[in-house]
Amino acid sequence: MCLFYCHSNDTGQVPVRKKSSLSFLSDYRLNMESGDNSSTAELMSRYVSLELGYGVPKDGWRICLAHEFKEKRKPFQAKDVSLSNIVEHIGLGVRYLKWWYKKTQIEKKAPFIDMFRAIPLRQIYGAPLGGIGGGTITRGWRGEFCRWQLNPGMYHYKTVIANQFTVCLRRGGQTVYQQVLSVERPPTLQGWNWGYCGEYAFYHALYPRAWTVYPLPGQNVTLTCRQVSPVIPHDYQDSSLPVAVFVWDIENKNDYPLDVSIMLTMVNGSGHKDDKSGGHWNEPFHLEKAGESVSGVLLHHCTTVNPYTLCMAAREQSDREISHQTAFSPKGTCGVLWGDLIADGRLDSPTGSSPPTQKGEKVAAALAVGCPVPAQGHNDLEFSLAWDMPNITFGSREREHVRRYTRFFGTKADAAPSLSHHALTHYRLWERSIEEWQRPILQDSSLPSWYKSALFNELYFVVDGGTVWTELPEDSDVSGGLRSEDGGLPAQPAIIKEYGRFAYLEGQEYRMYNTYDVHFYASFALIMLWPKLALSLQYDIAGSVVSCDLTERLHLMSGRNSPVKVKNVVPHDIGDPDDEPWQRVNAYLIHDTADWKDLNLKFVLQVYRDFHLTQDTQYLQDMWPICQAVMESEMKFDTDGDGLIENSGYADQTYDGWTATGPSAYCGGLWLASVCVMCKMARLVNNEAAFQRFRDILDRGSAAFDKLLWNGQYYNYDSSGQDLSNSVMSDQCAGQWFLRASGLGDGQFQAFPKEKICSALKSVFDLNVMSFAGGQMGAVNGMRPEGVPDHSSVQSDEVWIGVVYGLAAIMIHEGMLEEGLRTAEGCYRTVWERLGMAFQTPEAYCEKGIYRSLAYMRPLSIWAMQLALDTSQPRDQAPKTTTTPTDQTPKKGLSQN
């Protein structure tokens, strides 16, 4: 493509190196018209079969089981920091090292961020199993059971090799084929037939479902395993269940019938050292309810802390035969179990429970289900997997919490059979709901296939973000001590009493719950799909705002002691799962976030955005005084009284490694947007004095913002006048993004001139997107106007996937649909197709070599793109995924405050 330079002229505009986007967008349209089929070509290049499986959808993430990713990246570590940044942060490094040593070696705890033991990249993960907040078990795309989060918020990365599905084919009473459906060839379990040829199988994910297609070589039989988890928008009952269903569709293309059995084997445990702690035992069960019966095996994992029961089960039907092996040792050859199945396609099914394990030994169980499959015919088999850990404690062991699903299945730790029964008798209803939700988007021919995959598959983090969903104890007070009559909250807001408490981690490696500066981006998924959980989270944050913890502690960046939490500021997070979340907030101790410039503003913006989308007048009434309080706290950052806040010369916002000084595009833009929505909310609650006050601030602040930051083409990074203050920040329009998502941004409730926003977005597209990595990797955070990345900090030359999806959303809001899609596409293809980071989308990657923080919250912001598509100018077959009421002044329920 031609490159041209825009030279200085008499307007004073900053020279910007531009890359023409017209031909890129023309190519993009052609790719759209060709059906976007190239997206899976490389991932499927080694697939040798013509079989497409049974009922596998067209859209989603598809990969051959024999695929190997060529690019192997390393996690960001201290050695990746430039010399200049090392010098600048030497104090932080020394303080962190001392703190890390005390935490790991003396307290024997896991650091909330471990800079010395980053999780290595394993390019293996598939869709996680289970609903929201009950713990997760992740299967890899090759079929492994390989990532475990049963203890709340704490991850264990271990592939349990004995956890497998095995198929047995019988013809005329003789076994003709028996195979573990795994490409692995482990050194253990040598009595089993391993090494399924990966070239004959593929995996397809469209979360919350996934399919694995196994054409059996030489058998003229194709198996399709469909994995279903109850993750259903606007459902607050079944979506909480710790269960999953595996449906095996069997296609027999022979001219003779077959008897087919599938066996599931599971170890009692998760591959953790406590699997050998002793006292674990298994037992068979049978449960009949409402005319339906299920049978299976219960695996009781009897640890001192957070014990649980795993449950494998199948539904009894007239032409299905269910058999089991209550207990076997998953070491040695395990030839006896293999021979038991190969003999007659079933297992011995002993009665009674197994004895408790001795210390140092493991125990496993097996469940087999068989059925006849007619010549040239089809049949199916169903399995469920459930795990029942109803009562949980976090790392401090101070309080017991009760998971959400216990409201429907009890707290006695005996619910596994009932959970399995419910799953096997309701999964078709779940699938119907999932299909109805996804269908409008999947059938929208104006949307590219990669986007459909990204939109649904990125939702995995709502479940697999160390997520907890608990009931509110009767003695809890979430108000922070300030009651409604005093401008605070009810002790137990109705929405939390009814829908429970919700928390998810910043990332599987950044172990802090509800990290608020990041949730700002991710929150679109919750407010659009589970709005009651979004509002519940907001009430928890609001209660934390008015509370305080004046305990002094050392903050690692500054080296100064300051309180854990001061009053009337938004907390960074609500705690570490290895401590006591909700009770002790602000696990993050790198900076003192009381002086961060973005947290208070992000609360205000989310309050109004949430009200706009839900029209919940009680919520707005409850949040209005909290918004007033945090805005009062924020006023002190306007040190010169010009209506615009200033950054304080350090990294005092979500870009916590990127210094900003004076008014900045990011925080200044968030401030103006927050002042704008305060004007709107003041009108809704009939508070004319507040309206006039914030209107005056908005007018003065907007003028200062333009004067200090606008350079004729985009908003400068900050107004410090330093060498890099005119860098192009990809996130400079974040404030306008939230205004548009809230139905504002025009007329009386406008903070930024539309022509300047569009110019800034075009500069970002030309520079941060198209001049970075050939336009193929999304938008780099910071770009110099001459067309090279800003290397001034460890974060300015990174791509933050969640920021890119938010950037794409504001582009779509502003009528730049093709630019927005092109921008986001680079991130999807980089993460899911090049780097092998499916179902572990990181916070960041650089152009080459490294990534940072796997399995991160922020990329849920892709749902902001869907909101933008839903609410922008109509398109052909435009989908509607959430109700977005018109912004009307409530008639009742809001009072002046």
Say whether [X] and [Y], considering side chains only, have a donor N or O and an acceptor N or O under 3.5 Å apart.
X	Y	answer
N568	S633	no
N647	Y666	no
S853	E843	no
S562	D592	yes
Q795	D656	yes
T654	R858	yes
Q123	W141	no
E646	T639	yes
R117	T104	no
H791	D797	yes
E798	Y845	no

Which residue pairs satisfy the salt bridge (charged side-chain N to carboxylate O under 4.0 Å, His left out) criterion with at least one member in residues 511-521, sequence neighbours excluded?
-> R511-D576
Does any pair with a residue in residues 540-557 pass salt bridge (charged side-chain N to carboxylate O under 4.0 Å, His left out), and if so which ones, sequence neighbours excluded?
-> R501-D540
I want to know whether [X] and [Y] have ring centres closer than 6.0 Å.
X	Y	answer
F116	W100	yes
Y460	F839	yes
Y96	Y101	no

Heavy-atom pair of closest approach, residues [X] and [Y]:
X	Y	result
P859	Y805	O-CD1, 3.3 Å
S523	Y504	N-OH, 4.2 Å
Q732	M729	NE2-O, 3.0 Å
N768	N781	ND2-O, 3.6 Å
C548	K567	CB-N, 3.8 Å
A503	I574	CB-CD1, 4.2 Å

Count the heavy atoms of every other residue, nucleotide or ligand shown that sit under 6.0 Å from [atom1] of [X], and state whether that count exceeds 12.
X	atom1	value
K359	NZ	no
K109	NZ	yes
K72	NZ	yes

Rounded to the nearest 0.5 Å, what separation is found between the [atom1] atom of [X] and the [atom2] atom of [Y]?
X	Y	atom1	atom2	result
T515	E506	OG1	CD	4.0 Å
Y510	L505	OH	CG	13.5 Å
R404	T470	CZ	OG1	10.0 Å
D652	D595	CG	CG	8.0 Å
E509	Y856	CD	OH	11.0 Å
C667	F637	SG	CZ	9.5 Å

What I'd like to find out is whether the side chain of [X] reaches to under 4.5 Å of the side chain of [Y], using heavy atoms alone.
X	Y	result
V564	L550	no
F738	L670	no
V803	Y521	yes
W863	V462	no
P75	R852	no
L854	Q508	no
V788	F772	no
H519	L537	yes

Do any N or O atoms from the side chain of [X] and from the backbone of [Y] form a donor-acceptor pair under 3.5 angstrom?
X	Y	value
Y155	W148	no
S229	V231	no
S536	I496	no

Applying side chain to side chain donor-acceptor pair (under 3.5 Å), run through D731 and Y655 and close with a yes or a no.
-> CA-CA 10 Å; D731 213 4; Y655 297 88; 2.7 Å; yes
Of R399, H401, R397, which meets side-chain hydrogen bond (donor to acceptor under 3.5 Å, both in side chains) against E580?
-> H401
Less than 4.0 Å between a side-chain N and a carboxylate O, is that true for [Y] and [X]?
X	Y	answer
D579	R584	yes
E471	R403	no
K276	E361	no

Parallel, tilted or perpendicular: rings of H280 and H301 (30°, 60°) = parallel
Should the ring pair Y828 and W832 be called parallel, tilted or perpendicular, given that the plane angle runs from 0 to 90° and is split at 30 and 60?
-> parallel
Test side chain to side chain donor-acceptor pair (under 3.5 Å) applied to K597 and S648, step by step = CA-CA 9 Å; K597 307 306 182 289; S648 300; 2.9 Å; yes
Step-by-step salt bridge (charged side-chain N to carboxylate O under 4.0 Å, His left out) determination, E634 to K636 | CA-CA 5 Å; E634 194 78 8; K636 66 179 177 288; over 6 Å; no
Given D274 and T303, is the side chain to side chain donor-acceptor pair (under 3.5 Å) satisfied, shown in steps?
-> CA-CA 7 Å; D274 66 21; T303 49; 5.0 Å; no
Would you mind telling me which of Y516, F603, F520, W596 makes a ring-ring contact (aromatic ring centres under 6.0 Å, His included) with H572?
-> W596
Should the pair R147 and Y157 be classed as cation-pi, given the thresholds of under 6.0 Å to the six-membered ring centre and 45° from the axis?
-> no
D718 vs S664, side chain to side chain donor-acceptor pair (under 3.5 Å): CA-CA, chis, key distance, verdict = CA-CA 4 Å; D718 68 19; S664 67; over 6 Å; no
